[in-house]
Structures are given as C-alpha cells and as structure tokens.
*Asks:* 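Okay, handing you the structure first.
The basis for the numbers below is simple: all heavy atoms, side chains too, and nothing from hydrogens, waters or symmetry mates. Not measured: the values here are computed from a predicted model. The sequence lines fix the lettering, A, B, ..., with proteins before strands; numbering per chain opens at 1.
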Amino acid sequence: MKRGPKETEEGARRMSRRAILLGTAQLGLVGILGARMGTLQVDQADEFRMLAEENRINIGLIPPARGLVYDSNGVVLADNEQHYTITMTREGAGDVDEVLARLNRIVPIAPEQLEKARTELKERSPFVPVTVAQRISWEDVARVTVNAPALPGVVAELGRSRIYPQGADMAHVVGYVGPVSDYDLSRIEDQDPLLQIPRFQIGKTMVENRLERELRGSAGTKRIEVNAAGRVMRELDRQEGTPGADVQLTVDARLQNYIQARLDGESAAAVVIDVTNGDIKGIGSAPTYDPNVFVRGISVALWDELNEREIETRLHRRPLAAKTVQGTYPPGSTFKMVTALAALEDGVVTADETVRCVGHSEVFDVRFHCWRRSGHGNMNLNESLKQSCDVYYYEISQRVGIDKIAAMGRKLGLGERHDLPMSAIRSGIMPDKEWKREARDEEWRVGDTVNASIGQGYVATSPLQLAVMTARIATGRAVKPRLVRSIDGVEQPSGAGESLGLNENNLRRIRRAMFDVSNNSRGTAYRARIAEERFKMAGKTGTSQVRAIARDENGNVITRNSDLPWEARDHALYVAFAPAENPKYAVAIVVEHGGGGSTAAAPIARDILLQAQYEGTPPLSAYPSAVRGQIAEQQRRLSPLIRDIQPGRTTEET
Amino acid sequence: MSYLEYQVKYVPSGFRKLLHLNWPIIFLITAVSGFGFLMLFSVAGGSMTPWVTPQVQRFGLGLSVMLFMAMVPIWFWRNMAVVAYVISLVLLVAVDFVGIERNGSQRWLDLGPMDLQPSELMKIALIMLLAAYYDWLPLNKVSKPLWIIVPLLFIAAPAYLVLSQPDLGTTILLVSGGGAIMFLAGVHWAYFATVIAGAVGLVTAVFQSRGTAWQILKDYQYRRIDTFIDPTQDPLGAGYHITQAKIALGSGGWTGRGFMQGTQSRLNFLPEKHTDFIFTTLAEEFGFVGAFGLLILYTLIIIFCVMSAISNKDRFASLVTMGVAVTFFLFFAVNMAMVMGLAPVVGVPLPLVSYGGSAMLVLMVAFGLMQSAHVHKPR
C-alpha cells in the first residue's frame with residue numbers, strides 16, 4: 001500500500017517516540033534486576049554464603065574404639081576385633097542380581113543374608129552402601145579384591161567389633177555388647193550423639209553395661225561435604241575422639257576358666273575372694289553361654305534354647321543368669337557361724353557350754369529335727385559346727401534372739417547388696433522382727449528364729465554374700481568385694497576393710513571349728529580335705545531344703561537325695577577359706593539341687609582353692625591319698641576344658 | 001514507505017553488505033554465547049560433554065543462518081510473513097496431535113534428526129506477521145476497533161495453542177511481544193489503559209473475593225496461586241528450587257566463588273542448572289561482577305536494537321527490529337526475575353546462555369531478521 005511521505009513521517013515519528021518509551025521502560029526493569037542482584041549478592045552475601053555452607057557440610061561422628069577389659073594378669077577379656085564387611089551400592093553394581101550372584105560364587109553368603117541385602121539395595125538410595133556380608137575372612141577379602149573388575153560397586157570395608165576371647169568363661173562377669181535398641185534409648189538419659197549411630201554397640205549386661213560410660217569413650221567428628229541427594233563427596237577435616245578407657249578386673253582368667261570347667265554340667269555358682277583386699281579372683285556360674293553370639297546376632301533357635309523355652313520351669317538351669325549375684329538360696333548350715341558368733345558376742349553362751357542333742361528339739365509343742373535323727377549327744381560350739389548339729393543352734397538362737405543374729409549377719413555382709421559392676425545384683429534377705437512386720441505383715445515367732453538359726457526359713461543369701469561372710473570371718477575385717485582393679489590405669493579403692501570389732505577369741509574359736517569341719521575325722525567335710533599342710537582349708541558345709549519332707553509312694557520319708565528327682569533335691573553349699581592359718585582366699589559354692597554340701601559342694605571348693613593356691617593344676621600329693629585316683633581321673637576329664645591362658649596375651653579360643 | 005519506493009541503488013549489494021551489518025550486536029551475541037559455553041563447561045564438571053560441544057555447533061549453525069538471513073533483503077522477509085505464520089500455526093496444531101510429551105507438556109515435533117519446538121518458530125512468525133500487518137495498514141485505521149480485533153486474533157490463536165501444551169512461559173512471551181508491537185505501531189493509549197485496568201481489576205476481584213461468599217475460585221486454586229506467586233510457601237516442593245537458587249546467587253558475593261568452584265551447582269543443589277537456572281551458577285561462580293556484566297551485555301544488545309529501529313525509516317523493518325528486541329528482553333528479564341525470586345517460575349531459558357537448540361536457533365533467526373533490516377534500511 002502506498003503512503004504519502006507525510007503519513008510516513010508521522011508514523012515513523014510516533015514509532016520512535018514509543019520505541020524510546022518502551023526502551024526506557026525496559027531500562028527501568030533492567031535497573032530493578034540489577035538492584036535485586038545487588039541485594040542478594042552484595043547486601044545479603046554473608047547470610048547466603050553461610051546457608052550454602054550449611055547445605056554442603058554435614059558433621060559426621062567417628063565412633064571411638066571401645067576400651068578393653070583385662071583380667072588381673074593382663075589377659076584380654078573383651079577385645080576389639082578388626083573384621084571385614086562387604087558392602088555394595090546399587091549405582092555401582094548396575095545389575096544388582098547379577099553382581100550378587102557372582103559375589104556369591106566367590107564368597108558364599110547365607111541365603112537369608114542375601115535376600116536381606118537384595119531388599120535393602122532396592123529400597124535405599126542408589127549410592128548408599130548396603131552390607132552384604134559380615135565377618136569375612138582375609139582370604140575371602142583377597143578373593144573379592146582380585147575379582148574387583150567383575151564386581152562393580154562391591155567394596156570390602158574394615159570395621160571393628162567386640163570379641164570375647166575367653167568365650168563362655170567370662171559371660172557372667174564381662175557380659176556383652178549389642179546394638180542400641182529403641183528400648184535402650186528410652187531408658188537411658190544419656191545424650192551422647194553416638195547412640196544415634198545406627199547399630200552402634202553399647203554394653204548390654206554386666207561390666208560392659210555398668211562401666212559403659214568409661215568403656216565407650218567420646219566421639220570424634222568429621223566434616224564431610226555432601227551433595228543435594230546426601231551423597232558424600234569428600235571429607236573436609238576430622239577431629240579424632242577419645243578412645244574408651246581400658247578396665248582391669250580383679251578376676252584371674254585362668255582360675256575363672258578352671259571354675260567354669262569344674263562347674264560344668266552342674267547348675268552352680270562359685271565365688272573366690274582374696275580376703276586380704278576383697279578382690280574377686282573368680283566368680284563363676286554354670287551353665288553359661290558364649291557372649292560372642294550376642295555380638296554377632298543371635299539366632300532365634302539359640303535364643304529360645306538359652307531361655308529354656310522348651311523346658312519346664314522347675315527344671316530350668318538358667319544359663320543367662322549369673323547365679324553368683326542373681327541367685328539367692330537359703331544358706332543352710334553355712335549360716336551357723338553367724339548364729340554362733342551372735343551368741344558368743346552376746347555372751348549368752350560360752351564356747352565350752354554344752355547342749356544335749358537328742359535328734360530333735362521341742363519349741364512350743366512343735367518338734368524341730370536335727371539332720372541326724374539319732375542325735376549328737378552333748379554338743380559344745382566346736383563339736384556343733386564340726387558335726388553340724390542343728391539342735392545346738394535351735395537352743396542358742398532362742399537365747400540370743402533373731403535381731404542380734406540378723407545384726408551379726410548384716411555385719412558379715414548378708415542382706416547387703418554389694419555393688420559390683422554386675423547386673424541385677426540381689427540383696428537376699430536377712431530377716432528380723434521388723435522385716436517380717438513390713439514384708440509379711442506378721443509378728444515374728446520363735447519358730448522363725450529356730451528356722452533362721454540353721455539358715456532356713458526366710459534367710460536368703462547369694463553366693464557372693466556367702467563368700468564375703470567367709471572372708472570377714474577369716475579376717476575379722478569388713479572385707480568389701482572388688483571386681484574392678486583399675487580404670488584407665490587408675491587403681492580403684494581396696495576392699496581390705498576396717499576391723500569388724502568382733503572379739504578375736506570368738507573368731508578364733510569359730511575358725512578353729514571350721515578347720516575341724518574339714519580336717520577332723522568327724523568333720524562333715526573331712527573327705528574333701530586338703531592334704532598339703534601349707535594350703536589346708538577351713539570350711540562349713542550346708543544343705544538347704546527346697547521342699548517339705550518328701551515321702552515315697554508307701555508313705556516313707558525319703559532321706560536320700562539321690563532317690564529324689566533333680567528339682568526336689570537339696571541345694572548343696574560350702575564356704576571355706578585357705579590357707580587355714582593365714583587366710584588368703586575365701587570361697588563360696590552353691591550347687592543347685594546338688595544334694596549334700598559335704599559331697600556335692602565341698603569337693604568343688606577344695607579343687608578351686610587348690611587351683612588358686614597353686615596358681616595352676618595342683619599335684620596329686622595335695623590330696624588325701626584315698627581320693628588321688630579319683631582326682632587324677634577328674635583332672636583328665638577336665639583337661640579338654642582347661643585352656644592354656646598366658647598372662648598378658650590374648651588367647652585363641654580352642 | 002514500502003520497498004517499491006526504495007532507491008535501490010543506495011542499498012549495498014553483494015559482499016559490501018557485510019560492511020553494513022550491525023557488528024556491535026554480532027560481537028555482543030558472541031560474547032554472551034561465550035559466557036554460556038563457559039558456564040556449560042562448568043556445570044558439566046569441567047567437561048566439553050555433554051553440553052558445550054553441541055552448543056558450540058548450534059551457535060556456529062545459528063551464526064551462519066543469521067548471516068544468510070542478513071544478506072536476504074528485508075522485503076523478501078516481509079512477503080514471507082504470512083507464510084511463516086501459517087506454517088507455524090499448522091505445526092502448532094500438529095503438536096497438539098502428534099507431539100512428543102516431555103515432563104508433562106507436549107511441545108515438540110519429532111523431525112528425525114532433531115526435535116522441533118513450533119512455539120519457538122511462532123515467536124518470530126508472530127512478530128513478522130504483526131509488523132507486516134501494521135506496515136500494510138494505513139495509519140489512520142490503526143486504532144479503529146475492527147482493525148484491533150485482527151491482530152488480537154493473530155496473537156490469541158497461537159497463544160491459546162501454546163498455553164494448552166502447556167507452556168506458560170512462551171505464552172507470556174507471545175502475548176507480551178505481540179502487545180509490544182501493537183503499542184509500537186501506534187494503537188491508541190486508551191486500549192492499553194483499558195486492558196491494564198481490566199487485568200488489575202480482575203486480579204483484585206479474584207483476591208478480594210477470597211474467603212467471602214462470592215469467592216470466584218475454589219480454595220485449592222487459591223493455594224496453587226499462592227505457591228506460584230510465592231514458592232517459599234512450599235519449601236520442599238517448588239520453593240526448594242527457588243530457595244537454593246537464591247542461596248547460590250547470594251553466596252556468590254561480589255566476585256563469586258571462582259570458576260568451577262560453586263558448591264551449590266557442583267553439588268546439585270540447583271535444579272535445571274544447565275538450562276533455566278544456569279544464571280544461578282554464573283552468579284555463584286562469578287559473583288555480582290559477572291552477573292551484572294551479563295546484564296549489561298544484554299542491555300547493550302537491546303540498546304543497539306532500539307537505535308537501529310529508530311534510525312530505520314522502513315516501518316516493517318523498524319517494527320521487526322523492535323519486536324526482536326522486546327522478545328529478547330522478555331527472555332532474559334523473565335528468566336532473571338524468575339531465578340532471583342522476583343517472578344514465578346515459568347520456564348523461560350536465559351537467551352544464548354541456556355543449553356537448548358531450538359531457543360538458540362530461533363534467537364539467531366530473529367537476529368538475522370534484525371540484521372537484514374539493518375543492512376537494507378533506506379538511505
């Protein structure tokens with residue numbers, strides 16, 4: 001279309017005007033953009049720089065190495081083992097199934113573990129390493145490394161885990177560790193961020209649990225750069241944490257090994273205390289278990305077995321319980337020293353005064369029997385302990401009264417919760433009048449005193465308490481048991497204790513009677529004596545009833561334990577100290593349903609005390625000649641269970 | 001004045017045309033594209049692949065296309081306007097039926113060796129058609145209602161098709177670009193005032209009615225609008241990207257964190273870091289100096305275009321040049337406003353810098369038109 005020049009001029013002018021207007025408007029908008037840039041990049045730069053740093057930097061925790069646990073000679077009881085773990089990432093592998101199949105051909109992996117890994121690989125982000133196999137041997141790691149080109153995304157990583165080189169021997173002392181559970185988190189007030197690490201291992205029972213704070217150490221930190229998806233790009237810097245403190249126990253691993261071997265097959269507990277300082281040299285409980293299975297992840301079948309799911313309750317032998325502190329038993333005749341000392345100290349009886357035993361005693365028309373139905377005849381203190389006459393104690397206990405007996409019992413460590421770093425320690429019961437009013441809402445009766453005088457009735461003691469009692473009788477001091485010798489090299493206070501303030505003559509008479517129990521031909525433990533002059537022991541047998549009098553189908557009273565089913569038999573107890581002249585060790589043995597203390601418990605105490613005093617297997621000459629053949633046979637039987645434990649070195653499990 | 005009245009002897013011919021090219025613009029385009037190569041190299045983690053090499057090739061191709069178009073007289077392009085528009089419209093309709101869908105929108109046609117985005121072609125075709133229309137239309141009819149309806153339809157048809165793809169960014173560019181040409185052609189103020197007043201009134205009504213009995217939209221639609229306008233209300237969804245983009249920009253500071261040292265882009269905190277959000281990487285690594293420098297380069301391109309348009313006595317040439325300038329301006333202004341959190345995220349690339357073949361070629365075609373207009377202006 002043709003236009004006149006005038007129209008063209010006009011159009012061009014209007015357009016230039018509007019073009020300039022539009023151009024100016026655009027410049028204005030550019031100005032706004034520039035201003036915004038200035039605000040973001042100049043004014044708020046610091047703030048955004050910080051946000052960018054927060055974006056990219058994560059703080060990671062470095063778990064500290066857990067403190068080791070040693071025995072009194074430097075033998076490692078709880079160690080940190082380096083082990084290899086095979087991990088795999090989805091993005092690295094590409095074809096997950098194919099690579100897993102190849103890996104399985106090189107390193108056999110349990111089918112359930114394989115399935116678990118496969119599921120996890122599917123669910124996790126592609127770059128998250130998933131554990132495929134744990135505790136891989138060095139040979140397998142080498143094979144994986146050699147085949148690396150065929151195994152994309154597969155990496156062998158070095159990890160640390162707890163191992164208990166002494167296996168089952170120390171389970172009831174050291175305990176075990178396991179991954180933090182939700183239950184643990186809800187129970188402990190600990191704010192340690194380490195606990196938030198998945199599968200971080202903490203002590204679950206015993207020393208591992210009670211000394212958790214000391215053993216754990218504190219976390220180190222590392223700053224790592226991550227990308228938007230959370231993938232770790234690199235480590236920027238790290239600050240190492242403090243490893244956990246090493247703990248040295250008073251326990252002697254070799255003695256402990258012997259104790260566990262000697263108790264093997266029984267349901268029993270044994271405690272050995274060094275009376276000079278309260279150190280617990282051995283504290284065994286049978287049956288036991290291998291704590292390593294808990295660290296590695298216990299199978300359901302084994303868990304059920306350890307909890308005796310398939311077994312009737314009355315037949316339970318409780319392998320998971322440390323009977324030394326968690327089991328309480330009527331002390332039986334081992335309590336007679338308490339009754340005797342209470343009466344002697346109170347002056348209601350003298351050592352030479354005699355009481356006539358006719359096999360029973362009448363207390364308000366109730367007849368209390370002596371274990372020997374035919375009676376012991378005239379009994380003084382020494383004879384009554386030596387032959388374990390019950391009637392004597394029925395008589396003197398009524399003279400002195402329960403409150404004084406209980407006070408003496410507490411003085412000797414009964415009814416007290418000796419606080420060792422062990423789990424679920426029980427205080428037992430040292431009953432008196434007040435206790436019965438509170439616990440049973442009943443008045444104390446004389447019959448109760450009579451029952452208590454021979455360690456029956458309400459009295460309940462743990463093997464540890466009996467050992468402490470024996471140590472205190474042997475020394476006359478308030479020996480305090482000690483399980484931890486040092487933490488991080490710092491010596492813990494000695495348990496030697498102050499004098500109990502008892503009359504030394506009375507104590508001597510009691511010790512003399514205990515010596516006779518074991519070394520006088522009429523003593524109840526004479527057959528289990530020690531022949532070696534230097535190491536002779538003084539002790540006291542105990543047989544505590546766990547049932548009312550049993551009768552057979554014809555209505556006759558059964559007196560022979562061997563005629564009864566296991567769970568109805570008496571508990572066998574024995575407490576002793578040695579050497580009798582200058583005591584070093586006190587020991588307490590409880591064999592559940594073992595029968596008589598003299599036959600089931602005393603020989604164990606003898607063997608353990610000899611083992612402790614010889615610091616190894618005693619020669620046969622230490623035994624009376626009559627039993628040497630039997631002992632030789634026993635030593636042969638036990639030898640596969642005795643490991644060669646070298647002081648200050650780790651030992652391999654046999 | 002139409003080409004018949006040109007004194008053809010004054011128009012350069014042959015290789016002499018090269019001397020009359022608008023060389024500053026060519027230098028500026030190359031500089032900006034160079035900036036783009038640098039950034040694509042950086043976001044690829046210091047590698048020519050996968051983005052730099054194809055981008056350089058497309059730039060080379062685009063530069064050839066631009067020079068070729070510049071050699072062709074502007075009146076030829078004016079005669080091609082209707083053809084270009086019709087072809088683009090047909091392709092846009094075709095996209096609706098046989099287009100390829102990516103990320104939930106159907107924008108591409110599969111042409112064997114390459115994918116074509118007809119909406120990009122339409123940006124240029126629309127400018128050409130409107131410029132040709134107003135070149136043809138007598139000045140006294142420009143503001144007559146009947147003659148307003150026609151260009152509005154020209155704009156509305158492709159705008160509707162593009163919006164239904166959906167592609168809000170391109171729709172905004174088409175409508176604003178078309179409106180700008182109508183404004184430049186001399187359509188009366190009152191129309192623009194009415195449209196703006198109407199739009200403001202509608203938006204006000206929509207928002208004022210919220211929560212009242214006569215509420216115009218549904219609640220969920222309001223919530224969508226809320227997050228569209230202010231993505232920070234949805235910090236883990238749409239807001240996440242814009243927050244990360246602002247962090248990247250801000251942490252750049254005055255001089256930036258250094259070439260290939262930007263943690264936000266290197267660690268993948270930025271979305272679409274090689275396309276729509278590439279400006280954030282540039283700002284993070286080169287700081288305010290780099291970002292503002294790019295803004296100045298862009299502004300200079302606009303200024304040279306406006307100067308060329310004003311000095312051109314040919315109405316079509318002048319309108320096309322301004323149309324190219326406005327489209328180019330809208331590209332970078334919307335993109336920058338978007339990544340700086342000033343405007344909603346609508347998906348507009350940063351011109352000549354973002355990775356993408358269609359956008360690069362279309363921009364070079366646009367500058368080819370502008371150069372043709374410049375070379376062949378009446379003297």
*Asks:* Which answer fits B:Ser318, side chain, backbone, both or neither, if we ask what part of it has an atom under 4.5 Å from a heavy atom of chain A?
*Replies:* both
*Asks:* So what's closer than 4.5 Å to chain A heavy atoms on B:Phe288: side chain, backbone, both or neither?
*Replies:* both
*Asks:* Identify the residue among B:Trp136, B:Tyr191, B:Tyr134 that makes a ring pair (Phe, Tyr, Trp, His ring centres under 6.0 Å) with B:Trp147.
*Replies:*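 Considering B:Trp136, B:Tyr191, B:Tyr134, a ring pair (Phe, Tyr, Trp, His ring centres under 6.0 Å) with B:Trp147 is found only for B:Trp136.
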*Asks:* Between B:Ser42 and B:Glu285, is there a side-chain donor-acceptor contact under 3.5 Å, judged purely by atom types and distance?
*Replies:* yes
*Asks:* Given a strict heavy-atom distance threshold of 4.5 Å, which part of B:Leu184 is in contact with chain A: side chain, backbone, both, or neither?
*Replies:* both
*Asks:* Chain A: which of B:Ala309, B:Ala283, B:Gly256 shares the most heavy-atom pairs with it under 4.5 Å?
*Replies:*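 It is B:Ala283.
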*Asks:* So which residue, A:Gly23, A:Ala12, A:Gly34, ends up with the most heavy-atom pairs under 4.5 Å with chain B?
*Replies:* A:Gly34
*Asks:* Specify which of A:Arg14, A:Met15, A:Gln26, A:Glu47 makes the most heavy-atom pairs with chain B at under 4.5 Å.
*Replies:*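 Of the candidates given, the most pairs with chain B belong to A:Gln26.
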*Asks:* Please classify the contact between B:Met340 and chain A as side chain, backbone, both or neither, with a heavy-atom cut-off of under 4.5 Å.
*Replies:* both
*Asks:* Quick check on salt bridge (Lys or Arg N to Asp or Glu O under 4.0 Å): which of A:Arg118, A:Arg102, A:Arg90, A:Lys122 does A:Asp97 satisfy it with?
*Replies:* A:Arg118
*Asks:* In this structure, is the centre-to-centre distance between the rings of B:Trp254 and B:Phe286 below 6.0 Å?
*Replies:*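 No; B:Trp254 has its ring centre 6.0 Å or more from that of B:Phe286.
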*Asks:* Is B:Ile296 close to chain A through its backbone or its side chain, or both, or neither, when contacts mean heavy atoms under 4.5 Å?
*Replies:* neither
*Asks:* With respect to chain A, which residue among B:Leu319, B:Leu330, B:Val306 yields the maximal number of heavy-atom pairs within a distance under 4.5 Å?
*Replies:*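 Looking at each option in turn, the highest pair count goes to B:Leu319.
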*Asks:* Ignoring hydrogens, what is the shortest heavy-atom contact between A:Gln41 and B:Ala291? Give both atom names and the distance.
*Replies:*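 Nearest heavy atoms, A:Gln41 then B:Ala291: OE1-CB, 3.5 Å.
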*Asks:* Got a sec: does the CG of A:Asp95 have more than 12 other heavy atoms crowding it under 6.0 Å?
*Replies:*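 Yes - once you tally the heavy atoms of other residues, nucleotides and ligands closer than 6.0 Å, there are more than 12.
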*Asks:* Looking only at atom types and distance, does a side-chain atom of B:Asp276 sit under 3.5 Å from a main-chain N or O of B:Asn335, one as donor and one as acceptor?
*Replies:* no
*Asks:* Heavy-atom cut-off 4.5 Å, strictly under: side chain, backbone, both or neither for B:Ala248 against chain A?
*Replies:*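 Neither; nothing under 4.5 Å.
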